[in-house]
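Here's the structure we're looking at; comments come further down.
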Amino acid sequence: MGLKPDHWIKKMARDQRMIEPFVDQQVREGAISYGVSSYGYDLRVSDEFKIFTNVRSAIVDPKHFDDASFVDFRGDVCIIPPNSFVLSRSVEYFRIPRDVLTICLGKSTYARCGLIVNVTPFEPEWEGYATLEISNTTPLPAKVYANEGLAQVLFFEADDACEQSYADKKGKYQGQTGVTPPRM
């Protein structure tokens, strides 16, 4: 299995619609960078957010998640409360080939401000908008800028295709289109 360079990512985006919309160069001017990079792709965060709130004093339970734990917000800037988090989604829609696995890591610009991005790997043949969890680890409110870079996706191509892909398993997050809370 090997890490894939920018020319491979551009070819896959063009030939197999792996990333849509696709930005074939790094965009930096006046924005937190996004687009293709040396060995990955810097995805953008959309303007759709679910801000975690403790108004109802709910217990966070992944098996019985209460959507009322979130306040929906749409805008160019999202303010994450101190020691809290938001869910959002990527601007880009991904279609991962059967012989590819991705790892997604938060960008250092946000990490240096105490914001941690958590995204699970994109498994072979998963497709959809990535749901992004952005944690504010600081005791202060923090800004996230919509339609700018948030995380970098690294692509690893296997020597052989997997026996069972995410699509084969009929994964519960297959084809997600919006910000998707936990499902059972």
Side-chain angles (χ1 to χ4, degrees), residues 9 13 18-58 60-62 65-96 102-123 126-155 173 175-183:
I9 296 165
M18 186 173 71
I19 305 169
E20 288 185 314
F22 180 73
V23 179
D24 69 355
Q25 61 188 2
Q26 189 87 158
V27 175
R28 304 181 111 124
E29 192 65 35
I32 297 173
S33 62
Y34 60 90
V36 75
S37 61
S38 302
Y39 287 94
Y41 188 85
D42 291 3
L43 63 76
R44 292 170 287 173
V45 62
S46 78
D47 65 352
E48 298 172 38
F49 299 93
K50 289 187 175 289
I51 303 169
F52 184 73
T53 179
N54 195 22
V55 171
R56 298 186 57 219
S57 298
V60 178
D61 182 346
F65 194 82
D66 184 356
D67 284 339
S69 296
F70 288 115
V71 172
D72 291 333
F73 173 76
R74 190 169 209 141
D76 293 335
V77 174
C78 179
I79 305 296
I80 305 174
N83 302 307
S84 191
F85 74 95
V86 300
L87 294 181
S88 190
R89 70 167 178 85
S90 60
V91 168
E92 295 84 1
Y93 190 91
F94 291 88
R95 292 176 186 85
I96 306 303
T102 76
I103 296 174
C104 191
L105 306 165
K107 293 182 65 67
S108 64
T109 299
Y110 280 119
R112 293 167 197 232
C113 294
L115 295 175
I116 307 301
V117 178
N118 186 30
V119 181
T120 59
F122 304 166
E123 293 187 43
W126 171 80
E127 76 169 72
Y129 292 99
T131 293
L132 312 164
E133 187 258 336
I134 310 156
S135 293
N136 178 2
T137 65
T138 75
L140 304 170
K143 285 184 179 183
V144 172
Y145 294 90
N147 299 305
E148 295 190 21
L150 182 77
Q152 184 178 59
V153 181
L154 303 175
F155 297 84
Y173 300 113
Q176 63 190 15
T177 57
V179 180
T180 308
R183 293 180 177 162

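When reading the values below, keep in mind they use all heavy atoms of this one structure, side chains included, and skip hydrogens, waters and symmetry mates. Note that the coordinates shown come from a computational prediction; the quantities given were computed from them, not determined experimentally.
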Does any part of the side chain of [Y], heavy atoms only, come nearer than 4.5 Å to the side chain of [X], both counted from C-beta?
X	Y	result
T102	I96	yes
F155	M18	yes
S33	T109	no
P81	I51	yes
V144	F49	yes
F94	V153	yes
I134	I116	no

Value rounded to 0.5 Å, distance of [atom1] in [X] from [atom2] in [Y]:
X	Y	atom1	atom2	result
L115	T138	CG	OG1	6.5 Å
I32	N147	CD1	CG	12.0 Å
I19	D24	CD1	CG	11.0 Å
I80	S135	CD1	OG	8.0 Å
S88	R74	OG	CZ	9.5 Å

Heavy-atom closest pair, residues [X] and [Y]:
X	Y	value
A130	F122	CB-CZ, 3.6 Å
E92	Y129	O-CD2, 3.4 Å
A146	G75	CB-O, 3.5 Å
A151	V117	CB-CG1, 4.1 Å

>> Quick one, I79 with K143, criterion side-chain contact (heavy atoms from CB on, under 4.5 Å). Give me CA distance, side-chain angles, the key distance, then yes/no.
In response: CA-CA 5 Å; I79 305 296; K143 285 184 179 183; 3.4 Å; yes
> Taking it one step at a time, do E127 and Y93 satisfy side chain to side chain donor-acceptor pair (under 3.5 Å)?
Replying inline: CA-CA 7 Å; E127 76 169 72; Y93 190 91; 2.6 Å; yes
>> By the definition side-chain contact (heavy atoms from CB on, under 4.5 Å), identify the one residue from L150, L132, V91 that meets it with S46.
In response: V91
>> Against F70, only a single residue in T53, V86, L87, V179 fulfils side-chain contact (heavy atoms from CB on, under 4.5 Å); can you say which?
In response: L87
Could you tell me whether the side chain of [X] and the main chain of [Y] form a donor-acceptor pair under 3.5 Å?
X	Y	value
S90	R44	no
Q152	D42	no
Y173	R183	yes
S84	P82	no

>> Does Q26 form a side chain to side chain donor-acceptor pair (under 3.5 Å) with S37? I'd like the steps, not just the answer.
In response: CA-CA 6 Å; Q26 189 87 158; S37 61; 4.9 Å; no
>> Quick one, Y41 with F22, criterion ring-ring contact (aromatic ring centres under 6.0 Å, His included). Give me CA distance, side-chain angles, the key distance, then yes/no.
In response: CA-CA 9 Å; Y41 188 85; F22 180 73; 5.4 Å; yes
>> Let's go through T131 and Q176 carefully: what are the C-alpha distance in whole Å and the side-chain angles of both, what is the deciding distance for side chain to side chain donor-acceptor pair (under 3.5 Å) to 0.1 Å, and is it a yes or a no?
In response: CA-CA 8 Å; T131 293; Q176 63 190 15; 3.3 Å; yes
> Where do T137 and N83 land on the side-chain contact (heavy atoms from CB on, under 4.5 Å) test, with the steps shown first?
Replying inline: CA-CA 5 Å; T137 65; N83 302 307; 5.6 Å; no
> What residues, two or more places apart in sequence or in another chain, satisfy salt bridge (Lys or Arg N to Asp or Glu O under 4.0 Å) together with D76?
Replying inline: none
> After noting the C-alpha distance and the side-chain angles of L43 and Y34, does the key distance pass the side-chain contact (heavy atoms from CB on, under 4.5 Å) rule?
Replying inline: CA-CA 6 Å; L43 63 76; Y34 60 90; over 6 Å; no
